[in-house]
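Shown next, in C-alpha coordinates, is the structure this report addresses.
The analysis underlying the following values was restricted to heavy atoms, covering all of them including side chains, and did not include hydrogens, waters or symmetry mates. Both ligands and their constituent atoms are indexed starting at 1 by order of listing.
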Amino acid sequence: MRVIFFGPQGSGKGTQAKIVSQKLGLAHLSIGDILRNYRGDLKKDIENCMNSGNLVSDELVIEVLKERLKEEDCKKGFILDGFPRNIVQAKELDKITKIDRAIEIKISDEESIKRILSRVSCPKCNAVYNLEKNAPKKENTCDLCGSELKKRSDDNVESIRKRLSIYHSETEPLLKKYKSIRINGEQPIEKVTRDILEYLSK
Ligand code: AMP
(Lines give C-alpha, C1' and ligand atoms only; values in the text may rest on other atoms or scores of the structure.)
Protein backbone atom coordinates (compact mmCIF):
# COMPACT_ATOMS: atom_id res chain seq x y z
CA MET A 1 0.00 0.00 0.00
CA ARG A 2 1.25 3.50 -0.87
CA VAL A 3 -0.04 6.23 1.39
CA ILE A 4 0.57 9.95 1.83
CA PHE A 5 0.27 11.59 5.26
CA PHE A 6 -0.57 15.28 5.13
CA GLY A 7 -0.80 17.56 8.14
CA PRO A 8 0.28 20.98 9.38
CA GLN A 9 3.50 21.31 11.35
CA GLY A 10 3.19 19.57 14.72
CA SER A 11 0.10 17.57 13.71
CA GLY A 12 1.91 14.37 14.65
CA LYS A 13 2.12 13.05 11.09
CA GLY A 14 5.75 12.02 11.55
CA THR A 15 4.95 10.25 14.82
CA GLN A 16 1.95 8.51 13.27
CA ALA A 17 3.86 7.61 10.10
CA LYS A 18 6.50 5.95 12.25
CA ILE A 19 3.95 3.95 14.31
CA VAL A 20 1.73 2.96 11.38
CA SER A 21 4.61 2.04 9.05
CA GLN A 22 5.95 -0.34 11.72
CA LYS A 23 2.54 -1.89 12.33
CA LEU A 24 1.84 -2.41 8.63
CA GLY A 25 5.38 -3.25 7.51
CA LEU A 26 5.65 -0.22 5.22
CA ALA A 27 8.68 2.00 4.60
CA HIS A 28 8.49 5.43 6.28
CA LEU A 29 9.76 8.14 3.95
CA SER A 30 10.15 11.40 5.88
CA ILE A 31 11.41 13.96 3.39
CA GLY A 32 12.29 16.39 6.19
CA ASP A 33 14.51 13.75 7.86
CA ILE A 34 16.08 12.80 4.53
CA LEU A 35 16.91 16.48 3.88
CA ARG A 36 18.25 17.01 7.41
CA ASN A 37 20.58 14.04 6.92
CA TYR A 38 21.67 15.08 3.40
CA ARG A 39 25.46 15.16 3.12
CA GLY A 40 26.01 16.32 -0.51
CA ASP A 41 27.30 19.62 -1.97
CA LEU A 42 23.97 21.38 -1.50
CA LYS A 43 23.91 20.86 2.27
CA LYS A 44 24.34 24.58 3.15
CA ASP A 45 21.65 25.71 0.67
CA ILE A 46 19.24 23.14 2.06
CA GLU A 47 19.91 24.21 5.66
CA ASN A 48 19.36 27.89 4.80
CA CYS A 49 16.06 27.08 3.10
CA MET A 50 14.84 24.91 5.96
CA ASN A 51 15.89 27.37 8.68
CA SER A 52 13.90 30.19 7.07
CA GLY A 53 10.78 28.01 6.74
CA ASN A 54 10.90 27.96 2.94
CA LEU A 55 10.50 24.88 0.80
CA VAL A 56 13.63 23.32 -0.66
CA SER A 57 13.66 23.37 -4.50
CA ASP A 58 11.28 20.95 -6.21
CA GLU A 59 14.06 19.53 -8.43
CA LEU A 60 16.15 18.59 -5.43
CA VAL A 61 13.41 16.98 -3.31
CA ILE A 62 12.10 15.08 -6.33
CA GLU A 63 15.59 13.77 -7.04
CA VAL A 64 16.09 12.77 -3.41
CA LEU A 65 12.71 11.03 -3.33
CA LYS A 66 13.32 9.15 -6.59
CA GLU A 67 16.58 7.78 -5.18
CA ARG A 68 14.91 6.76 -1.93
CA LEU A 69 12.08 4.97 -3.73
CA LYS A 70 14.61 2.71 -5.47
CA GLU A 71 15.56 1.15 -2.12
CA GLU A 72 14.45 -2.39 -1.38
CA ASP A 73 12.20 -1.57 1.61
CA CYS A 74 9.88 0.55 -0.58
CA LYS A 75 8.83 -2.48 -2.63
CA LYS A 76 6.32 -3.61 -0.01
CA GLY A 77 4.74 -0.14 0.12
CA PHE A 78 5.42 3.12 1.92
CA ILE A 79 4.10 6.09 3.82
CA LEU A 80 5.16 9.42 2.36
CA ASP A 81 5.57 12.00 5.13
CA GLY A 82 6.22 15.53 3.86
CA PHE A 83 5.76 14.95 0.13
CA PRO A 84 4.16 16.25 -2.03
CA ARG A 85 3.93 19.82 -0.70
CA ASN A 86 2.81 21.58 -3.87
CA ILE A 87 1.21 20.85 -7.22
CA VAL A 88 4.54 20.54 -9.09
CA GLN A 89 5.65 17.79 -6.69
CA ALA A 90 2.23 16.10 -6.86
CA LYS A 91 2.35 15.98 -10.68
CA GLU A 92 5.87 14.61 -10.58
CA LEU A 93 4.78 11.96 -8.07
CA ASP A 94 1.99 10.89 -10.46
CA LYS A 95 4.68 10.09 -13.02
CA ILE A 96 6.77 8.03 -10.58
CA THR A 97 4.22 5.93 -8.69
CA LYS A 98 0.58 5.29 -7.95
CA ILE A 99 -0.84 6.42 -4.60
CA ASP A 100 -3.61 4.37 -2.98
CA ARG A 101 -4.74 6.64 -0.14
CA ALA A 102 -4.02 9.95 1.56
CA ILE A 103 -4.72 11.03 5.13
CA GLU A 104 -4.69 14.52 6.58
CA ILE A 105 -4.07 14.77 10.31
CA LYS A 106 -5.79 18.03 11.10
CA ILE A 107 -4.98 20.44 13.95
CA SER A 108 -5.61 24.19 14.32
CA ASP A 109 -2.83 26.73 13.65
CA GLU A 110 -2.96 27.70 17.33
CA GLU A 111 -2.33 24.11 18.40
CA SER A 112 0.38 23.73 15.76
CA ILE A 113 2.35 26.73 17.05
CA LYS A 114 1.95 25.59 20.68
CA ARG A 115 3.20 22.09 19.87
CA ILE A 116 6.13 23.17 17.71
CA LEU A 117 7.42 25.57 20.34
CA SER A 118 7.60 22.76 22.88
CA ARG A 119 9.07 20.19 20.47
CA VAL A 120 12.56 18.73 20.85
CA SER A 121 14.02 15.92 18.79
CA CYS A 122 16.93 13.54 18.69
CA PRO A 123 19.46 14.41 15.96
CA LYS A 124 20.68 10.81 15.99
CA CYS A 125 17.55 8.62 15.78
CA ASN A 126 14.97 11.34 14.87
CA ALA A 127 12.71 10.55 17.87
CA VAL A 128 10.43 13.50 18.65
CA TYR A 129 9.28 14.68 22.11
CA ASN A 130 6.83 17.30 23.33
CA LEU A 131 8.10 18.88 26.53
CA GLU A 132 4.56 19.36 27.86
CA LYS A 133 2.80 16.14 26.88
CA ASN A 134 5.45 13.59 26.04
CA ALA A 135 8.65 14.64 27.80
CA PRO A 136 11.72 12.37 27.78
CA LYS A 137 12.21 10.38 31.01
CA LYS A 138 15.59 12.00 31.67
CA GLU A 139 15.88 15.73 30.98
CA ASN A 140 17.24 16.55 27.52
CA THR A 141 18.14 12.92 26.79
CA CYS A 142 16.62 10.63 24.15
CA ASP A 143 14.73 7.71 25.75
CA LEU A 144 15.62 5.50 22.79
CA CYS A 145 19.32 6.10 22.14
CA GLY A 146 20.56 8.33 25.00
CA SER A 147 21.69 11.20 22.70
CA GLU A 148 21.30 14.85 23.69
CA LEU A 149 17.98 16.27 22.47
CA LYS A 150 17.91 19.45 20.40
CA LYS A 151 15.37 22.02 19.32
CA ARG A 152 15.13 22.05 15.53
CA SER A 153 16.64 25.28 14.20
CA ASP A 154 13.53 25.92 12.07
CA ASP A 155 11.17 25.60 15.05
CA ASN A 156 10.84 29.33 15.80
CA VAL A 157 7.63 31.41 15.58
CA GLU A 158 8.56 33.24 12.38
CA SER A 159 9.44 30.06 10.51
CA ILE A 160 6.37 28.21 11.83
CA ARG A 161 4.04 30.96 10.56
CA LYS A 162 5.68 30.84 7.16
CA ARG A 163 5.46 27.03 7.03
CA LEU A 164 1.78 27.10 8.08
CA SER A 165 0.95 29.64 5.41
CA ILE A 166 2.66 27.52 2.73
CA TYR A 167 0.84 24.46 4.08
CA HIS A 168 -2.60 26.08 3.78
CA SER A 169 -2.04 27.64 0.36
CA GLU A 170 -0.02 24.95 -1.43
CA THR A 171 -0.20 21.61 0.39
CA GLU A 172 -3.67 21.30 1.91
CA PRO A 173 -5.48 21.68 -1.46
CA LEU A 174 -3.65 18.56 -2.75
CA LEU A 175 -5.67 16.29 -0.45
CA LYS A 176 -8.64 16.29 -2.83
CA LYS A 177 -6.48 14.80 -5.62
CA TYR A 178 -6.44 11.48 -3.76
CA LYS A 179 -8.83 9.02 -2.17
CA SER A 180 -8.53 10.60 1.24
CA ILE A 181 -9.81 11.25 4.73
CA ARG A 182 -9.28 13.94 7.40
CA ILE A 183 -8.57 12.73 10.92
CA ASN A 184 -8.75 14.86 14.05
CA GLY A 185 -5.13 15.21 15.22
CA GLU A 186 -6.10 16.84 18.50
CA GLN A 187 -7.10 13.46 19.98
CA PRO A 188 -4.73 11.26 22.02
CA ILE A 189 -1.94 9.68 19.92
CA GLU A 190 -3.38 6.15 20.34
CA LYS A 191 -6.82 7.26 19.12
CA VAL A 192 -5.34 8.95 16.04
CA THR A 193 -3.44 5.71 15.27
CA ARG A 194 -6.65 3.69 15.64
CA ASP A 195 -8.53 6.04 13.26
CA ILE A 196 -5.73 5.77 10.69
CA LEU A 197 -5.54 1.96 10.88
CA GLU A 198 -9.30 1.68 10.62
CA TYR A 199 -9.34 3.82 7.49
CA LEU A 200 -6.47 1.88 5.90
CA SER A 201 -8.15 -1.46 6.63
CA LYS A 202 -11.30 -0.60 4.67
P1 AMP B 1 9.32 18.78 8.09
O2 AMP B 1 10.34 18.03 8.86
O3 AMP B 1 8.38 17.90 7.32
O4 AMP B 1 8.60 19.81 8.93
O5 AMP B 1 10.12 19.62 6.95
C6 AMP B 1 11.06 20.59 7.36
C7 AMP B 1 11.50 21.42 6.17
O8 AMP B 1 12.07 20.55 5.17
C9 AMP B 1 10.43 22.19 5.43
O10 AMP B 1 10.11 23.41 6.08
C11 AMP B 1 11.13 22.41 4.08
O12 AMP B 1 12.13 23.42 4.15
C13 AMP B 1 11.84 21.08 3.87
N14 AMP B 1 10.98 20.13 3.15
C15 AMP B 1 10.44 18.98 3.64
N16 AMP B 1 9.70 18.35 2.70
C17 AMP B 1 9.78 19.12 1.59
C18 AMP B 1 9.22 19.04 0.28
N19 AMP B 1 8.42 18.04 -0.09
N20 AMP B 1 9.52 20.02 -0.60
C21 AMP B 1 10.33 21.04 -0.28
N22 AMP B 1 10.87 21.20 0.94
C23 AMP B 1 10.60 20.26 1.87
Got a salt bridge between Asp155 and Lys150, using NZ or NE/NH1/NH2 to carboxylate O under 4.0 Å? no

Under 4.5 Å between side-chain heavy atoms, chaining through other members, with only Ile, Leu, Val, Met, Phe, Trp and Tyr counted: pull out the rest of the cluster around Phe5, sorted by chain and number. Met1, Val3, Val20, Leu24, Leu26, Ile79, Ile103, Ile105, Ile181, Ile183, Val192, Ile196, Leu197, Tyr199, Leu200

Would you give the length of the straight line joining atom OH of Tyr178 to atom CG of Leu93, rounded to the nearest 0.5 angstrom? 5.0 Å

As an exercise, identify every atom of ligand 1 less than 4.0 angstrom from a heavy atom of Ile31. 16 (N)

If you measure from CD on Glu92 to CD1 on Ile62, what distance do you get to the nearest 0.5 Å? 4.5 Å

Quick one: look at Arg152 and ligand 1, take heavy-atom pairs under 4.0 Å, and tell me if it's side chain, backbone, both or neither. side chain

List the closest protein heavy-atom neighbour of atom 2 (O) of ligand 1: residue, atom name, distance to the nearest 0.1 Å. Arg36 NH2, 2.9 Å

Can you tell me which residue and heavy atom of the protein come closest to atom 8 (O) of ligand 1, and the distance to 0.1 Å? Met50 CE, 3.2 Å

Would you give the length of the straight line joining atom OG of Ser21 to atom CD of Gln16, rounded to the nearest 0.5 angstrom? 10.5 Å

Distance from atom 11 (C) of ligand 1 to nearest protein heavy atom, with residue and atom: Asn54 O, 3.5 Å

Can you tell me the protein heavy atom closest to atom 5 (O) of ligand 1 and the distance? Arg85 NH2, 3.3 Å

In this structure, atom 22 (N) of ligand 1 is nearest to the protein heavy atom Val56 N, 3.0 Å

What residue and atom, counting heavy atoms only, is the protein's closest point to atom 20 (N) of ligand 1, and at what distance? Gln89 NE2, 2.8 Å

May I ask you to list the atoms of ligand 1 that are less than 4.0 angstrom from any heavy atom of Val61? 18 (C), 20 (N), 21 (C)

Starting at CD of Glu172, measure out to CG of Leu174 and round the result to the nearest 0.5 Å. 10.0 Å

Does ligand 1 have any atom that is closer than 4.0 Å to a heavy atom of Gln9? no

Any Lys/Arg nitrogen of Lys75 or Glu72 sitting under 4.0 Å from an Asp/Glu carboxylate oxygen of the other? yes

Check each atom of ligand 1 against the heavy atoms of Phe83 and keep those under 4.0 Å away; list them by number with element. 19 (N)

Go through it in stages, so that I can follow the logic: the residues are Asp109 and His168, the test is side-chain hydrogen bond (donor to acceptor under 3.5 Å, both in side chains), and I'd like the CA-CA distance, side-chain angles, deciding distance and then a yes or no. CA-CA 10 Å; Asp109 285 6; His168 292 308; 2.7 Å; yes

For atom 14 (N) of ligand 1, grab the closest protein heavy atom and report residue, atom and distance to one decimal in Å. Leu35 CD1, 3.5 Å

